[in-house]
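Read through the structure below, which is laid out as structure tokens, and then see the notes.
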Amino acid sequence: MISAMQTYIKWVDQLNYRVGRVVMYGIFLMVAILLWSAITKIRFLELNPSLWTLEMAQFAMVGYYLLGGPYSIQLKANIRMDLFYGSWSDRKKAWFDAFTVLFLVFYLGVLLYGAIDSTVYSYEYKQRTPSAWRPLIWPVKAMMVAGIFLMLLQAVSEFFKDILKLRGATV
Amino acid sequence: MSYEMIALFMFASMMLMLATGQRVFGAIGAVASVSALLLWGTGSSDLPFSAVMKVMKWYPLLTLPMFIFMGYVLSESKIADDLYRMFHVWMGPVPGGLAIGTIGLMVLVSAMNGLSVAGMAIGATIALPELLRRGYDKRMVTGVVQAGSSLGILVPPSVVLVLYAMIARQPVGQLWLAGVFPGLMMAAMFIIYIAVRCRLQPHLGPVLPIEERTVPMAEKIRLLGAGILPVGIFAAMIVPFISGYTSLVESSAVGAMTAFLAAVVKRRMTREVFEVSVRQTLAISCMFMWIIVAALGFGAVFDGLGAVRAIDNLFTEQLGLNPWMILILMQLSFLLMGTFLDDTAMLVIVAPLYVPLVKVLGFDLIWYGVLYTITTQIAYMTPPFGYNLFLMRAMAPPEISLKDIYTSIIPFVMVMILALSLVMIFPQIALWLPQTIYAR
């Protein structure tokens with residue numbers, strides 16, 4: 001049981017780390033799209049203002065924070081209210097986390113359910129966004145499903161880490 | 001369940017979840033999901049996800065990663081060193097001059113990024129040690145750095161106002177313009193306070209010794225050049241935006257790129273600076289975005305179930321208060337909450353609760369955005385819970401104790417409360433600029 005958890009943690013953390021390290025550079029993708037959008041507005045270049053930049057930047061942003069989310073958990077960037085938490089021992093923190101992280105898992109589960117539901121709908125009806133560019137929306141939603149799923153995997157990994165800590169095993 | 005009970009249930013369970021120390025977004029999101037599933041009925045399981053779609057469609061949110069990136073590039077690459085030198089040489093001969101210069105430095109840093117963290121980092125690592133070495137009173141100095149860095153969220157560009165704009169559905173451009181004069185006014189009030197205090201008690205901020213004061217004029221002029229950097233970055237960002245040439249979001253990308261290029265040109269963009277800026281931008285952006293997604297879900301359920309109406313009803317019908325009294329009560333409760341709630345949590349909890357109420361009461365939401373931001377600034381700084389207090393503790397030299405940090409802010413908080421009252425009594429301080437520019 002313990003070794004199964006250890007294997008899970010190793011694989012999931014490694015996967016999310018890799019994804020996060022790639023997505024991290026997405027900031028430059030967003031900057032590039034937005035700058036291109038600004039450049040096409042310069043009049044004497046006589047370029048047609050792009051139709052796709054606005055939505056493309058939005059899609060990039062969604063990918064950035066959904067796919068990058070698990071890595072931000074690994075970096076311990078997600079703030080907690082540490083009025084009490086901050087002064088607890090590591091063991092007490094692990095005890096509380098082991099329970100409350102299940103709420104996080106539940107929330108991500110509901111998110112995932114909604115995401116899949118919405119993606120299936122968009123795929124079946126070939127839904128497009130109501131803009132001049134009109135891209136198909138389901139690939140973006142599929143990316144959201146992937147990001148939320150990875151987040152769920154990471155939350156479960158955090159749960160296992162707390163269990164292992166309480167059992168005194170190495171993470 | 002009655003509306004009042006729903007409001008109470010959701011609010012109480014959220015506070016309880018937050019108190020357990022679970023990640024803020026998880027706590028808020030879980031309460032939203034549970035309430036939706038229990039109380040909503042059909043379609044409830046899709047509610048939390050619809051917040052993800054809302055976040056995607058809300059275009060100005062793209063400014064968030066841009067400004068976070070900018071802030072990290074500026075503070076990590078330390079290109080603000082020269083700026084500090086400029087103020088040091090020019091303001092040094094005046095009593096308390098270095099502290100006044102630090103406020104000036106903070107205003108410039110605020111104009112280049114939208115969070116208070118960068119100002120704090122620059123102030124604590126560059127200005128603080130210098131001022132202490134020159135015999136400035138340590139409480140005076142810590143207060144100055146904290147108060148000054150809080151300007152970051154009021155002087156445009158401001159991330160807090162972007163988040164507020166999203167919740168209140170108000171244009172970000174107008175909100176930013178509304179922050180300009182209150183921000184400058186507050187900076188001026190800090191400066192007056194320091195100048196008067198140091199004139200009365202010169203030992204708090206001694207003038208620089210003669211040998212340090214005699215800097216050749218040519219050197220002084222050369223140092224003024226350092227001021228070009230922030231003005232340049234700010235202009236590159238704001239001028240095309242105000243003239244209607246680029247959108248707000250495009251401007252923020254221009255700003256991020258300019259800051260990045262400035263660091264490259266000044267040869268400060270080392271591998272390490274690059275790694276930290278890029279990684280921290282992802283970490284902090286994800287932290288913010290996930291909280292926003294959870295809070296929007298919470299807000300939709302809370303509002304949809306009629307809890308906002310219950311609170312409005314409680315204040316206006318049952319307690320029979322007039323709008324101004326409610327407004328003042330709101331700001332007071334906000335300050336109170338700020339003393340025990342984490343600031344980001346407060347931002348997402350308080351805004352969805354209060355903004356609809358402010359609207360019902362008939363106040364201007366742009367104006368309230370400024371009040372809201374100033375109150376957040378104060379809450380940032382007041383113990384026991386202030387993000388700034390902890391940052392200060394982490395960055396300040398060891399001779400500054402937690403007690404020094406706590407007591408140092410008292411006079412500055414009083415100045416800020418005065419500024420808050422002024423903006424409340426004279427809304428034109430905030431509204432004149434956006435009204436003038438947008439009236440054209």
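Letters A, B, ... are given to chains in the order of the sequence lines, protein chains preceding strands, and every chain is numbered from 1. It should be emphasised that the depicted structure is a prediction, and the values quoted were computed from it without experimental measurement.
- Distance CG/A:Leu111 to OG/B:Ser50: 9.5 Å, rounded to 0.5 Å.
- Taking a 6.0 Å sphere around CE of A:Met56, one finds it holds 12 or fewer heavy atoms contributed by other residues, nucleotides or ligands.
- Proximity to chain B (any heavy atom under 4.5 Å) is shown, for A:Ile39, by neither the backbone nor the side chain.
- Counting heavy atoms of neighbouring residues, nucleotides and ligands inside a 6.0 Å radius, atom CH2 of A:Trp88 exceeds 12 of them.
- The shortest non-hydrogen separation linking A:Phe106 to B:Ala30 is CE2-O, 4.5 Å.
- Taking the six-membered ring for Trp and the full ring otherwise, A:Tyr107 and B:Phe49 have centroids separated by 6.0 Å or more.
- Residue A:Arg18 qualifies as open at atom CZ: its count of foreign heavy atoms under 6.0 Å is 12 or below.
- A search for ring pair (Phe, Tyr, Trp, His ring centres under 6.0 Å) contacts involving A:Trp138 returns A:Tyr123, not counting sequence neighbours.
- In terms of heavy-atom pairs under 4.5 Å with chain A, the best-connected choice from B:Val278, B:Leu47, B:Thr246, B:Val249 is B:Val278.
- Closest approach of B:Pro65 to A:Tyr64, counting heavy atoms only: CB-CE2, 4.3 Å.
- Rounding to the nearest 0.5 Å gives a distance of 6.0 Å between OG of B:Ser285 and CD1 of A:Ile27.
- The part of A:Leu108 that comes within reach of chain B is its side chain, from C-beta onward, which places non-hydrogen atoms under 4.5 angstrom from that chain.
- Closest approach of A:Tyr85 to B:Thr20, counting heavy atoms only: CD1-O, 3.7 Å.
- At distances below 3.5 Å, not a single donor-acceptor pair connects side-chain atoms of B:Trp290 with backbone N or O atoms of A:Asn78.
- The minimum heavy-atom distance linking A:Ala57 with B:Leu62 is given by the pair CB-CD1, 3.6 Å.
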Exercise for the section: Could you please spell out the steps behind the ring-ring contact (aromatic ring centres under 6.0 Å, His included) verdict for B:Phe25 and A:Phe103? Expected result: CA-CA 11 Å; B:Phe25 82 92; A:Phe103 283 92; over 10 Å; no
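- When atom types are taken as modelled, the side chain of A:Tyr71 and the backbone of B:Ala283 share no donor-acceptor pair closer than 3.5 angstrom.
- The aromatic rings of A:Tyr25 and B:Phe274 lie parallel to each other, their planes meeting at an angle below 30°, with 60° marking the opposite boundary.
- Atoms CE and OG, on A:Met30 and B:Ser252 in that order, are 10.0 Å from each other to the nearest 0.5 Å.
- For the set A:Leu66, A:Asp117, A:Val110, the count of heavy-atom pairs under 4.5 angstrom toward chain B peaks at A:Val110.
- A:Lys141 has its side chain out of reach of B:Met56: every pair of non-hydrogen atoms, C-beta onward, lies at least 4.5 Å apart.
- Residue A:Phe99 does not touch chain B at all, counting heavy-atom pairs closer than 4.5 Å.
- To the nearest 0.5 Å, the span separating OG1 on A:Thr53 from CD on B:Glu250 amounts to 6.5 Å.
- Looking only at side-chain heavy atoms (C-beta outward), A:Tyr65 and B:Val52 come within less than 4.5 Å of each other.
- Around the CH2 atom of A:Trp95, the shell of radius 6.0 Å holds no more than 12 heavy atoms that belong to other residues, nucleotides or ligands.
- Counting heavy-atom pairs closer than 4.5 Å to chain B, the top-ranked of the candidates A:Gly26, A:Ala38, A:Ser72 is A:Ala38.
- With a threshold of 4.5 angstrom between heavy atoms, A:Val31 approaches chain B through its backbone and through its side chain.
- How far CD1 of A:Ile73 is from CE of B:Met287: 13.0 Å, rounded to the nearest 0.5 Å.
- Both the backbone and the side chain of B:Ala294 come within contact range of chain A, with heavy atoms under 4.5 Å apart.
- The shortest distance between side-chain heavy atoms of A:Met24 and B:Thr281 does not fall below 4.5 Å.
- Contact of B:Tyr59 with chain A is made through backbone and side chain together, with heavy-atom distances under 4.5 Å.
- How far CE of B:Met257 is from CG of A:Leu34: 12.0 Å, rounded to the nearest 0.5 Å.
- Nearest heavy-atom pair across B:Gln22 and A:Thr100 is NE2-OG1, 2.8 Å.
- Using a 4.5 Å cut-off between heavy atoms, B:Val55 touches chain A through backbone and side chain atoms alike.
- Between chain B and the residues A:Leu54, A:Thr129, A:Ile148, A:Ile33, the largest count of heavy-atom pairs under 4.5 Å involves A:Leu54.
- Heavy atoms of B:Leu64 lying under 4.5 Å from chain A are absent altogether.
- In terms of heavy-atom pairs under 4.5 Å with chain A, the best-connected choice from B:Gly26, B:Ala253, B:Ala32 is B:Ala253.
- In this structure, chain B has no heavy atom under 4.5 Å from any part of A:Val105.
- Salt-bridge formation is not detected for the pair B:Lys57/A:Glu55: no Lys NZ or Arg NE/NH1/NH2 atom is positioned less than 4.0 Å from an Asp or Glu carboxylate oxygen.
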